[in-house]
Amino acid sequence: MQASLDYSGKVVIVTGGGKGVGKGISERFLSLGATVIICGRTEPEQLPQIGENTAIFSSVDVRDVDAIFSFVEHVAAAHKRIDVLINNAGGAPAADAATVSPRFSESIIRLNLLAPLNFSQACNTVMQKQTSGGAIVNIASVSAVRPSPGTAAYGAAKAGLVSLTTSLAVEWAPKVRTNAIIAGLIRTEQSHLHYGDEAGIDAIANTIPLGRLALPQDIGDACVFLASDLASYISGSTLTIHGGGEKPAFLGAANVE
């Protein structure tokens with residue numbers, strides 16, 4: 001059987017799949033025929049849709065363990081299968097590590113590390129019973145592999161998520177593959193909150209070798225590949241999507257002729 005990117009008949013869960021990066025991921029799977037179920041605390045004003053294929057929304061606080069398992073059980077019962085889980089929900093506002101409250105740090109780690117672990121565990125229970133198994137993709141960040149000043153707990157959680165990915169790939173093989181994406185700077189509808197106005201976004205883009213921020217669709221393209229049969233021998237890996245990375249700071253400071 002020839003491997004392909006056809007997701008017809010496949011059921012895909014995308015956490016936080018209604019906006020930003022998650023929306024881009026959802027739209028890519030929808031475009032390939034998948035049944036996409038997204039979840040979050042609030043329903044987006046407009047559900048991701050490609051042609052007649054529209055995402056299905058469920059209200060779930062991904063930090064609530066009982067809500068996660070109930071949601072996954074409902075999806076499995078309603079659709080008779082779960083083929084792909086994309087652990088996308090996450091994020092963190094800026095906070096000074098010296099003064100931030102411990103409760104705040106715990107909530108960031110719960111959202112960015114424990115929620116993906118709990119979601120993965122719930123979906124693995126379903127996937128292990130399927131002849132076709134399943135695939136899990138964890139959306140991490142460059143903050144996992146470089147300093148993350150202002151979002152220290154977030155960076156630590158994402159580093160943990162990368163480590164978790166490698167461990168689950170060993171524990172849950174051969175039925176379930178797990179991989180991670182280390183995402184760089186991404187342009188979404190909220191980019192101005194992080195990078196400023198258009199001039200600020202352009203200035204940041206100029207620091208990236210490929211000359212632009214990623215688009216949500218770029219992360220979606222990587223997800224549909226890693227979850228597909230084309231990646232059937234890829235597990236426990238991390239795919240870095242950052243446009244070539246950041247130029248070393250010393251290059252701009254050096255004064256060698």
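Starting from 1, each residue takes its place in the sequence as its number.
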Write down the atom of [X], the atom of [Y], and the distance for their closest heavy-atom approach.
X	Y	value
Ile208	Gly243	CG2-O, 3.5 Å
Met127	Leu85	CE-N, 3.8 Å
Gln128	Trp172	NE2-O, 3.0 Å
Gly18	Pro48	CA-CG, 4.2 Å
Ala152	Ala97	CB-CB, 4.3 Å
Ala153	Ile109	O-CG1, 4.2 Å

Report yes if some heavy atom in the side chain of [X] is under 4.5 Å from a heavy atom in the side chain of [Y]; otherwise report no.
X	Y	result
Asp83	Tyr7	no
Ile82	Ile13	yes
Ile136	Leu168	no
Cys39	Phe119	yes
Asn179	Thr238	no
Leu239	Ile241	yes
Pro216	Ile186	yes

Can you give the donor-acceptor pairs under 3.5 Å from side chains of residues 26-38 to other protein atoms, not counting sequence neighbours?
| residue | atom | partner | partner atom | Å |
| --- | --- | --- | --- | --- |
| Ser26 | OG | Gly17 | O | 2.9 |
| Ser26 | OG | Gly22 | O | 3.0 |
| Arg28 | NE | Asp221 | OD1 | 2.5 |
| Arg28 | NH1 | Ser31 | OG | 2.8 |
| Arg28 | NH2 | Asp221 | OD1 | 3.2 |
| Ser31 | OG | Arg28 | O | 2.6 |

Hydrophobic cluster of [X], others only, ordered by chain and residue number, side-chain cut-off 4.5 Å:
X	value
Val162	Val142, Val145, Ile182
Ile108	Val100, Phe104, Tyr154
Phe250	Leu251
Tyr233	none

Legend entry - Asp218/Arg212 salt bridge by N-O under 4.0 Å criterion: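 Judged by the 4.0 Å cut-off on N to carboxylate O distance, Arg212 and Asp218 do form a salt bridge.
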Straight-line distance of [X] [atom1] to [Y] [atom2], nearest 0.5 Å:
X	Y	atom1	atom2	value
Asn118	Cys123	CG	SG	11.0 Å
Ser163	Leu113	OG	CG	9.0 Å
Lys23	Ile25	NZ	CD1	13.0 Å
Leu117	Ile68	CG	CD1	9.0 Å
Gln49	Thr54	CD	OG1	3.0 Å

Legend entry - side chain to side chain donor-acceptor pair (under 3.5 Å): pairs with one or both residues in residues 140-151, sequence neighbours excluded: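 Counting only pairs at least two positions apart or across chains, the side chain to side chain donor-acceptor pair (under 3.5 Å) contacts touching residues 140-151 are Ser141-Ser143, Ser143-Ser148, Arg146-Glu246, Ser148-Thr151.
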Ignoring hydrogens and geometry, is there a side-chain-to-backbone donor-acceptor pair from [X] to [Y] under 3.5 Å?
X	Y	value
Asn112	Gly91	yes
Thr207	Ala203	no
Ser237	Ile234	no

Legend entry - Step-by-step side-chain contact (heavy atoms from CB on, under 4.5 Å) determination, Ile181 to Cys223: CA-CA 8 Å; Ile181 291 173; Cys223 286; 3.7 Å; yes
Legend entry - Side chains of Asn88 and Thr15, donor plus acceptor under 3.5 Å: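 Asn88 vs Thr15: no donor-acceptor pair found between side chains.
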Inset, instruction - Give a yes-or-no answer on whether the side chains of Asn87 and Ser120 include a donor-acceptor pair shorter than 3.5 Å. - result: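 A donor-acceptor contact under 3.5 Å links the two side chains.
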Grouping I, L, V, M, F, W and Y whenever their side-chain heavy atoms are under 4.5 Å apart, do [X] and [Y] come out in a common cluster?
X	Y	result
Leu114	Val137	no
Ile86	Val126	no
Val176	Val11	yes
Ile56	Val84	no
Phe225	Ile139	yes

Inset, instruction - Scan for salt bridge (charged side-chain N to carboxylate O under 4.0 Å, His left out) pairs involving residues 111-123, sequence neighbours excluded, and state none if there are none. - result: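 As it turns out, there is no salt bridge (charged side-chain N to carboxylate O under 4.0 Å, His left out) pair with a partner in residues 111-123 once direct neighbours are skipped.
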Inset, instruction - Could you list all the salt bridge (charged side-chain N to carboxylate O under 4.0 Å, His left out) pairs where at least one residue sits in residues 45-64, not counting sequence neighbours? - result: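 Qualifying pairs: Asp61-Arg63.
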Pairing residues for [X] by the side-chain hydrogen bond (donor to acceptor under 3.5 Å, both in side chains) criterion, not counting sequence neighbours:
X	answer
Gln130	none
Thr131	none
Arg177	none

Legend entry - Residue pair His242, Leu185: steps toward the side-chain contact (heavy atoms from CB on, under 4.5 Å) verdict: CA-CA 7 Å; His242 59 8; Leu185 305 182; over 6 Å; no
Inset, instruction - May I ask you to check whether over 12 heavy atoms, not counting those of Lys175, lie within 6.0 Å of atom NZ? - result: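 Above 12, so yes.
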Ignoring hydrogens and angles, write down the donor-acceptor pairs under 3.5 Å from the side chains of residues 70-79, residues two or more places apart or on other chains.
none

